[in-house]
Amino acid sequence: MGTAVAALATQAGKRPIVFRLKDSGIPRADTLRNQGWLQSGIMYPIAAFQGDEVRFQNFARSTFQSGRGMLKSIGLPIPDDNGIVGINKDDSRRIGKLNRRAELIGFSIDQFRQLEPDEARNQLEALYNPKQLYFRIPDLPFDEAKVLERLRSKAIENGAKFFQTEAPVTISKHGSVTRINFDGQTIESSVTLIAAGSGSFDLLKQLGITANGKLRLTPLLVGQTDPVLPASIFIDWGMGYSAVQHRYTDDRNPARPIVVGGGDATRLKNAKHCLYENREFREEHLHELHNCLPAPLTDRLSDVRYTAGYEVIPDQYGVSEFGPWIQEFGNVVFASPGRATVATDAAIKTWGKLTTKLNGNKKIPIPHSIPGNWTEPIKMHFQKIYTFNDAEG
Ligand SMILES: Cc1cc2nc3c(=O)[nH]c(=O)nc-3n(C[C@H](O)[C@H](O)[C@H](O)COP(=O)(O)OP(=O)(O)OC[C@H]3O[C@@H](n4cnc5c(N)ncnc54)[C@H](O)[C@@H]3O)c2cc1C
């Protein structure tokens with residue numbers, strides 16, 4: 001989020017400075033700790049929009065456009081890929097819900113359709129369950145690290161600085177400016193964006209602001225599979241898991257990692273913020289995650305470890321957990337995209353709020369003594385370079 005806003009700010013001739021924690025040994029950003037799933041909106045429950053079908057429709061349509069628009073705008077191809085959802089044949093309620101959502105979004109037959117039984121059996125092989133119906137959905141994995149690298153390059157080329165800190169930045173309010181303390185130094189900022197993911201609530205608290213939201217701890221299983229999954233995104237709604245298999249292979253990613261998430265019972269709904277390196281799960285959440293997984297999936301898994309992701313969940317009426325939550329507090333703006341899929345759209349909205357504040361405020365130049373020092377290749381948590389396991393501890 002911060003990187004996307006910085007890219008926009010530089011296009012408007014501003015020179016922002018972005019502070020972030022270093023990724024050495026472990027990624028310290030939830031963007032680098034998620035499933036890397038470019039979402040189409042079809043899996044979002046209409047209940048999350050207070051049951052309002054029109055709100056769901058607008059939201060899901062803009063999610064679909066926004067994700068694809070993000071890739072296009074930075075010159076990345078849209079992968080020729082899709083997802084498959086399995087639903088138990090006797091679960092007419094869920095089948096009805098999925099069909100209704102597809103109808104509301106207005107997907108074409110290429111984007112959404114029920115698979116014929118033979119087609120499903122051939123495609124899914126060992127994962128095929130004769131008690132389920134299968135649907136093709138226009139959801140696909142995306143290379144989030146590459147998206148971030150492109151946004152970072154754009155921003156740096158045009159004068160942004162990214163500074164990686166050893167310890168979390170702290171902030172305080174001094175009259176109309178915000179004082180930013182990082183690694184023993186201090187600078188002042190006339191307009192400040194807090195887009196620190198799960199760290200945002202702590203930073204807001206330092207300014208005396210309580211945000212109306214919670215953190216949700218969501219475990220992900222990370223591993224390799226042999227053979228690969230029959231679809232890049234495979235959701236078993238009956239068992240309650242979703243699996244994303246990244247198929248782009250390059251020197252960063254010699255294998256084809258799989259990232260698996262479970263249902264609600266695997267998540268801790270009111271988690272306390274803690275630093276990325278201190279994250280861990282309750283034993284029962286891991287059991288729940290494994291309970292969701294069928295033998296044909298676990299049989300093909302190897303190199304398994306776990307990543308604890310923190311989702312920022314708004315408590316406010318009208319703001320859904322899947323979309324941008326942007327709030328202004330004087331010369332400070334807080335922003336969370338909800339989903340990485342909509343990050344660049346969320347950045348446009350956020351930048352709109354920041355611009356009006358910048359126009360009326362004095363400029364505080366960035367001291368030359370602060371180097372721009374975030375230049376190394378960006379890596380997702382599931383890449384082989386990382387070996388951390390948040391389930392230990
Ligand atoms: C388990 C999980 C799975 C998800 N799966 C998907 C998915 O498949 N598709 C999707 O679209 N969305 C997904 N999401 C949501 C998505 O990952 C987030 O909405 C998005 O990444 C948040 O981006 P952000 O920039 O707000 O936060 P982050 O990426 O967390 O960035 C915050 C930055 O702030 C820095 N920071 C924090 N505190 C401080 C501090 N005090 N000092 C200095 N720096 C600080 C961090 O180092 C980090 O660089 C998932 C989320 C989770 C948790």
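Every number for a ligand or one of its atoms is a count from 1 in the order of the listing. Counting begins at 1 with the first residue of the sequence.
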- Note on the structure: Which of R20, R28, K22 passes side chain to side chain donor-acceptor pair (under 3.5 Å) with Q164? Answer is R20
- of all protein heavy atoms, closest to atom 19 (O) of ligand 1 is G338 O, 3.0 Å
- Note on the structure: At under 4.0 Å between heavy atoms, what of Q39 touches ligand 1? The answer is side chain
- Note on the structure: If we number the atoms of ligand 1 from 1 as shown, the ones under 4.0 Å from a heavy atom of A340 are 10 (C), 11 (O), 12 (N), 16 (C), 19 (O)
- Message: Can you report which non-hydrogen protein atom sits closest to atom 37 (C) of ligand 1, along with the distance?
- Response: A196 O, 3.2 Å
- Message: Just to be sure I'm reading this right: ignoring hydrogens, which of D30, N181, L21 gets closest to atom 28 (P) of ligand 1? Compare them by their nearest heavy atoms.
- Response: D30
- Structural part of V312 in contact with ligand 1, heavy atom criterion under 4.0 angstrom: neither
- Note the single closest protein heavy atom to atom 31 (O) of ligand 1, along with its residue, its atom name and the distance in Å. A29 CB, 3.9 Å
- Query: Of all the atoms in ligand 1, which lie at a distance below 4.0 Å from a heavy atom belonging to L220?
  - Reply: 1 (C)
- Query: Looking at ligand 1, does any of its N/O atoms fall within less than 3.5 Å of an N/O of F142?
  - Reply: no
- Query: Are R55 and D52 ion-paired here, with the side-chain N under 4.0 Å from a carboxylate O?
  - Reply: no
- Query: Do T341 and ligand 1 have an N or O pair less than 3.5 Å apart?
  - Reply: yes
- For G197, the atoms of ligand 1 under 4.0 Å from one of its heavy atoms are 26 (O), 27 (O), 30 (O), 32 (C)
- Query: In terms of ring plane angle, is the pair H246 and F382 parallel, tilted or perpendicular, where the classes change at 30° and 60°?
  - Reply: parallel
- Query: Which of the atoms in ligand 1, numbered in the order shown and given with their element, are less than 4.0 Å from a heavy-atom of Y310?
  - Reply: 53 (C)
- Is the F234 ring parallel, tilted or perpendicular to the Y241 ring (thresholds 30°, 60°)? tilted
- Message: Students often mix this up, so state it plainly: with edges at 30° and 60°, are the rings of F19 and F163 parallel, tilted or perpendicular?
- Response: perpendicular
- With ring centroids as reference points, do Y310 and Y276 lie under 6.0 angstrom apart? no
- Task: Could you see which bit of A195 sits under 4.0 Å from ligand 1, with heavy atoms only: side chain, backbone, both or neither?
- Result: backbone
- Message: Check for me whether Y276 has a heavy atom closer than 4.0 Å to any atom of ligand 1.
- Response: yes
- Under a single-linkage definition using a 4.5 Å side-chain heavy-atom cutoff for Ile, Leu, Val, Met, Phe, Trp and Tyr, are W37 and V228 assigned to the same hydrophobic cluster? no
- Task: May I ask you to decide whether E53 forms a salt bridge with R100, counting only side-chain N to carboxylate O separations under 4.0 Å?
- Result: yes
- Query: Does any N or O atom in A335 lie less than 3.5 angstrom from one in ligand 1, N or O only?
  - Reply: no
- Should one rank E311, R28, H273 by closest heavy-atom distance to atom 47 (O) of ligand 1, which comes out on top? R28
- Note on the structure: The option among L32, N34, V169 carrying the non-hydrogen atom nearest to atom 13 (C) of ligand 1 is N34
- Can a cation-pi geometry be assigned to R152 and F162, taking NZ or CZ under 6.0 Å from the six-membered ring centre and within 45° of the ring axis? no
- Distance filter under 4.0 Å to T218 heavy atoms, resulting ligand 1 atoms: 1 (C)
- Do me a favour and list the nearest non-hydrogen protein atom to atom 21 (O) of ligand 1 with residue, atom name and distance? T31 OG1, 2.8 Å
- Note on the structure: Between the CZ atom in F201 and the CD atom in Q206, the distance rounded to the nearest 0.5 Å is 14.0 Å
- Message: Surrounding NZ of K89 (heavy atoms of other residues, nucleotides or ligands, distance under 6.0 Å), is the total greater than 12?
- Response: yes
- Query: Considering distance alone, does some N or O of W37 sit under 3.5 Å from an N or O of ligand 1?
  - Reply: yes
- When you measure from atom 26 (O) of ligand 1 to every protein heavy atom, which one gives the shortest distance, and what is it? P337 CD, 3.2 Å
